[in-house]
Amino acid sequence: MSEQEKVAGGPLGKVVGKAKKMAGAVLDRDDLHREGKLQEVQADAEAEAAAKAAEAERKEEEAEIEAERAETVAERHEVELEAAEIEAEEEAERRRAEEEREAATRAQAEKAAAERQRLAGEDRAAAKRQQAAAEKGEAKREATELQREADRAEAAAAAIDPKEEN
């Protein structure tokens with residue numbers, strides 16, 4: 001490309017290119033016509049490149065937004081999993097504590113029942129001892145009474161037949 005064929009770009013370059021192309025056609029100057037045509041093509045190419053660059057930038061921004069969205073979703077999912085894990089641990093701890101309370105309550109009830117049984121057994125044993133003591137006392141009284149009767153009968157028998165002593 002010669003120095004004369006260097007062209008300016010952008011919308012103004014396109015207008016200038018059209019003007020040069022028309023001037024070259026009117027003046028029958030092929031070099032000016034070619035320069036105008038090149039300037040016009042270059043302006044179109046620059047506009048198309050700018051539009052493609054803008055589209056590429058927009059798509060890149062969309063991709064970044066989508067990546068951030070996916071990352072946010074993944075982070076939220078991770079946080080939800082952690083929260084569910086914490087909730088499950090807390091629930092397990094609540095159940096364990098409840099089971100311990102229930103076990104302590106059962107143990108206390110069993111201990112109280114065992115104590116009641118022990119006291120009832122002691123009461124029965126004391127009653128049996130009292131009954132045995134009363135029966136023993138009654139048996140002693142009966143034995144004493146029988147002994148007195150035997151002694152009286154022996155004395156009466158000796159009074160009737162004094163010979164059989166001994």
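One is the number of the first residue; the rest follow in order along the sequence. Worth knowing before you read on, the calculation uses all heavy atoms, side chains too, and leaves out hydrogens, waters and symmetry mates.
- Here K111 does not pair with E115 in a salt bridge; the nearest charged N to carboxylate O distance is not below 4.0 Å.
- Residue K37 holds its NZ atom at 13.5 Å from CG of L32, rounded to the nearest 0.5 Å.
- Put simply, OG1 on T72 and CD1 on I65 are 11.5 Å apart, with the number rounded to the nearest 0.5 Å.
- Salt bridge annotation for E98-R101: present, with a cationic side-chain nitrogen under 4.0 angstrom from a carboxylate oxygen.
- A salt bridge does not link R96 with E99: every distance from a Lys NZ or Arg NE/NH1/NH2 to an Asp or Glu carboxylate oxygen is 4.0 Å or more.
- Between the CD atom in E87 and the CD atom in E85 there is a gap of 12.0 Å [rounded to 0.5 Å].
- Annotation for E138: atom CD counts as buried by contact number, over 12 foreign heavy atoms lying within 6.0 Å.
- With contacts defined as side-chain heavy-atom distances shorter than 4.5 Å, the pair D44/E48 does not qualify.
- Between the NZ atom of K20 and the CD atom of Q39 there is a distance of 4.0 Å, given to the nearest 0.5 Å.
- Note on E145 versus R148: salt bridge recorded, some NZ/NE/NH1/NH2 to OD/OE distance being below 4.0 Å.
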* Start with the C-alpha gap between R94 and E91, add the side-chain angles, then the distance that decides, and say whether salt bridge (charged side-chain N to carboxylate O under 4.0 Å, His left out) holds. => CA-CA 5 Å; R94 281 192 294 271; E91 179 62 26; 2.7 Å; yes
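- To the nearest 0.5 Å, the span separating CZ on R69 from CD on E62 amounts to 9.5 Å.
- Here the CD atom belonging to Q117 is positioned 8.5 Å from the CZ atom belonging to R124, to the nearest 0.5 angstrom.
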